[in-house]
Structure formats: structure tokens, C-alpha cells
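Predicted model only: the values in this text are computed from it and were never measured.
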Amino acid sequence: MKIHLSRTLETREYYVLMEIYRASRKRDLIAYAKLAREQNDVLTPALLNKKLLNRSENVAIAVLDSLVHYGLFAWDEKKREARLTREGEYAAANDVAYLYEKDVYRVVCSPDPILPQPVIVCERAPWKRSEIRKVHEKEESSPVATPPEILSCKGKELEFIRQSRKESENIERDQVRIDSVSETCWPVSSGAEYGVAGTIGDDGRFRGEVKGKQGLSPWTNDTITQDSTLRAIASQVRAVVLRGKKGPCIEVSFSDVEEDIDRREFRGDRRLGDLVLDGVFGARPIAVTLSDVPMIPKNSQEADRWYLWLLEDGLSGYLSPKTFEGYAEGVKMQFQTFGADRSPQIKIGAHELAGRIEEKNREAGREPRPERYWYLTAPCDLRYEGGQS
């Protein structure tokens, strides 16, 4: 059984002056870091020129300046040598360089507790700071002196799917480490619509994804489990039954499942609607759907209806009264695991079966089909039994 959860996110959008480190796999930058590791974590203009550049010392200094700007190296006081920083050491060891950036970023957040991180978009703003201020003057919105708590993400590593800027580019994964958030940010009215959807599979793990104009990276949330979610559902919906070691089932009326499941397997899909589950899901309603879920009759009356349908659906060929009784008993055995209160109570012979099925068809507006059932009431000499008729 799988549990599917989805809802629309409440989002907040800001333009924030931030200092971040963005992951890059540029081979030349990583090569400089690896070279420094071979030289006791230090590069000098002379050494860099000798090993790689073969140019004037000014070129080597310019290269080291750029590496310092990216945060991979730091100059000593006299600018004679550059030493690897923590980011540089990480680049050399992991083949990923986190490059320092300071700029105004467009940040979209959501306080939804189901999300593993509140920030769902972090990208460089399309405008300069002066243009952002002009926009906010038109909206009669002023920069706030203190960013909201939701932006307190210093030191966090976030991961997004960055949308390509050209058709020829592939959509790439963007990894960002937040270093600092400015004390001034510009809140804006967000028109972006995002939704969150996730599934708890048979392994009990929750896997989710945020969907909007651009797909964002999927994630897992180990605090959301099948067991706890089912118990939250069961507290509000009587149809959900927790059956201990036998696993969860859902109680159904036969009329509820006539059109949408394979009734022979007692399994199917069930949309439970928008429920408030509280806990890790928060107080807002979330849409809940169960798929491939075991289903059981609500009571013995519903089991009788299901039993009649199974009898009719499985009939083929000619049956004598004796053979039919054995066939009917085999069908009834399928209800055995549900308990006596959810098993068929009727005991019917061939004649009564034909009458009940035809009556059921008339109630449903279908024409009786005596050609399918005539052999149940035919004279004995016309019934098929043991190869003789």
C-alpha cells in the first residue's frame, strides 16, 4: 500500500542581500586547489607561474586574486602567498568547489512543516539593488530592518533544480551553502504558485517534490512514516482500519468499489479527501489518497453483496448442484481472513443464486440474462456432470 499526500504551498517572496557559496565543478579551479595541497596548502605567484602559467608574475597574481575572490584562497598580509581556505580544502578533496558570491537574491520560502527546508528558490535577482528599491517604492513597500525568522538559514546547505536559461542548456542541480543573510531585505507580493506532493511507499519512507514553474529536487523526510500517517488518518476517518500484524486495511461498502478496483483481489485506490493530520503536517488540510490498499467489507451484509458478485463473475460452463456447492464454498473461503463479522452469511443453492443475481441486475437497471444462468435450473438430464449429459 502507498499513501499519497499533496497540497498547495503558502509562499513568501523576498529580495535579500546574501553571502553564499555556490557549488561548481570547474576543473581549472579545482586544479589550483589540488596543486596547493601538494605544496603544503600554499601557492605563491612564482610557483604558480612556474607550474602552470609560464607568464609574467602579474598574471599569476591576477589568477590568485580571482581564487581569493571565490573564497578558495586567502592572501597573507603582504600578499606574497595565498593559503587554501576551508572551501579550498573541500574542493581539492571532493572535486566540488563552493564559490563565494555576494549579491541580491530572489528567495521564495514556505513555512510548510512538511518541507525539509523552508527555502525552495534561491537565485540571483534579475534587477540591480537600485531597481529593486524603485519597484518597492511603487508598491509602497519599504525594506524591513530584520529578516523574518524563516530566512534564518546561515550555514545551511540547500539544493535546488536550476532552470536552464537557454533552450540548449540542460536543467542543472544547484547546491548552495548560505554564509550570511543581510539585515535588510525587501518583501514582495509573490504570484508564484507551488505545490508539494509526496508518497510513503512500502518501505515506510516519505519521498516528496515541490512543483511549480520549475521542478525542484525531490527529498526524503524520515520523520513522516506510514505508521504514524495511518494513525493520523484513522483518527478522523472510520474507513481506515489498523489491523496489527496483518497490516492496515480500509473498510468499504461494495457499492463504493464496484467501478474502480479489481474486486477479486480486494485491493484498489481510495481518495480520502482533504484531511487535517496535524503533527509534522501542520494544521492546514492535505489531500490524502491511498493506492493499492487492501479492502475489506464493512460488515457481513456488504460481504454478502461482494460474495454474490464473485460467484457470478467466476461462473463458466455447466455446473451440477453438487459441483456448484463446492465452487461456492471456495469463493467464500476468500473472506476467511476478514473474520466472521465480515464474511458472507448466506447459504444459497443453484436455484436461489440464479434468482438473486437476476434480481440484482433488475435493481441496477440491467436486463436479466437467463441464458447465462439457465443451466442452474435446467432439468437434471441436461446438466453437465462428469462428462455425461
Heavy atoms from other residues, nucleotides or ligands near [atom1] of [X] exceed 12 (cutoff 6.0 Å):
X	atom1	answer
Arg80	CZ	no
Tyr307	OH	yes
Asp28	CG	yes

Beyond-backbone contact of [X] with [Y], side-chain heavy atoms, under 4.5 angstrom:
X	Y	result
Ile224	Thr229	yes
Ile114	Ile286	yes
Ser291	Asp269	yes
Pro297	Arg305	no
Arg263	Phe254	yes
Gln345	Asp304	yes
Val119	Val176	no
Glu251	Val237	no

For the hydrophobic clusters of this structure (ILVMFWY residues joined by side-chain heavy atoms under 4.5 Å, transitively), does one cluster hold both [X] and [Y]?
X	Y	answer
Val42	Val63	no
Val181	Tyr21	no
Ile200	Val240	yes
Leu99	Tyr90	no

Determine whether Leu115 and Leu9 satisfy the following criterion, side-chain contact (heavy atoms from CB on, under 4.5 Å), listing intermediate values before the conclusion.
CA-CA 10 Å; Leu115 294 173; Leu9 292 175; 4.2 Å; yes
Cation over ring face, Arg177 and Tyr98, 6.0 Å, 45°:
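Satisfied, under 6.0 Å and within 45°.
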From [X] [atom1] over to [Y] [atom2], what is the distance, rounded to the nearest 0.5 angstrom?
X	Y	atom1	atom2	value
Glu325	Lys347	CD	NZ	10.5 Å
Leu275	Arg7	CG	CZ	11.5 Å
Leu67	Trp75	CG	CH2	9.0 Å
Leu272	His4	CG	NE2	11.0 Å
Ile30	Asn94	CD1	CG	9.5 Å
Ile296	Cys249	CD1	SG	5.0 Å

Do Thr85 side-chain atoms and Leu72 backbone N/O form a donor-acceptor pair below 3.5 Å?
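Between the backbone of Leu72 and the side chain of Thr85 there is a qualifying donor-acceptor contact (under 3.5 Å).
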For the pair Lys102 (side chain) and Glu19 (backbone), establish whether a donor and an acceptor sit closer than 3.5 Å, ignoring hydrogens and angles.
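Judged by distance alone, no pair lies under 3.5 Å.
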Indicate yes or no: does [X] engage [Y] in a salt bridge with an N to O separation below 4.0 Å.
X	Y	answer
Arg270	Asp256	yes
Glu89	Arg86	no
Arg284	Asp274	no

Evaluation steps, side-chain contact (heavy atoms from CB on, under 4.5 Å), between Val107 and Arg12
CA-CA 8 Å; Val107 181; Arg12 305 170 188 174; over 6 Å; no
Which of these passes side chain to side chain contact (heavy atoms under 4.5 Å, CB included) with Phe206: Thr223, Ile3, Leu5?
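Of the listed options, the one satisfying the test is Leu5.
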Do the ring centers of Tyr70 and Tyr100 come within less than 6.0 Å of each other?
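No: the rings miss the under 6.0 Å criterion.
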Check the orientation of Phe338 and Phe335. Use parallel for under 30°, tilted for 30 to 60°, and perpendicular for over 60°.
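If you compare the ring of Phe338 with that of Phe335, the planes turn out perpendicular.
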Parallel, tilted or perpendicular, judged at 30° and 60°: which one describes the rings of Trp306 and Phe266?
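Trp306 and Phe266: tilted rings.
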Kindly give the heavy-atom pair with the smallest separation between Val96 and Ala23, and that separation in Å.
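Taking Val96 first and Ala23 second, the nearest heavy atoms are CG1-CB, 3.8 Å.
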Once salt bridge (Lys or Arg N to Asp or Glu O under 4.0 Å) is applied, what residue pairs with a partner in residues 196-206 remain, sequence neighbours excluded?
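Those involving residues 196-206 are Asp203-Arg207, Arg205-Asp222.
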Taking it one step at a time, do Ile178 and Ile20 satisfy side-chain contact (heavy atoms from CB on, under 4.5 Å)?
CA-CA 5 Å; Ile178 307 297; Ile20 71 169; 3.9 Å; yes
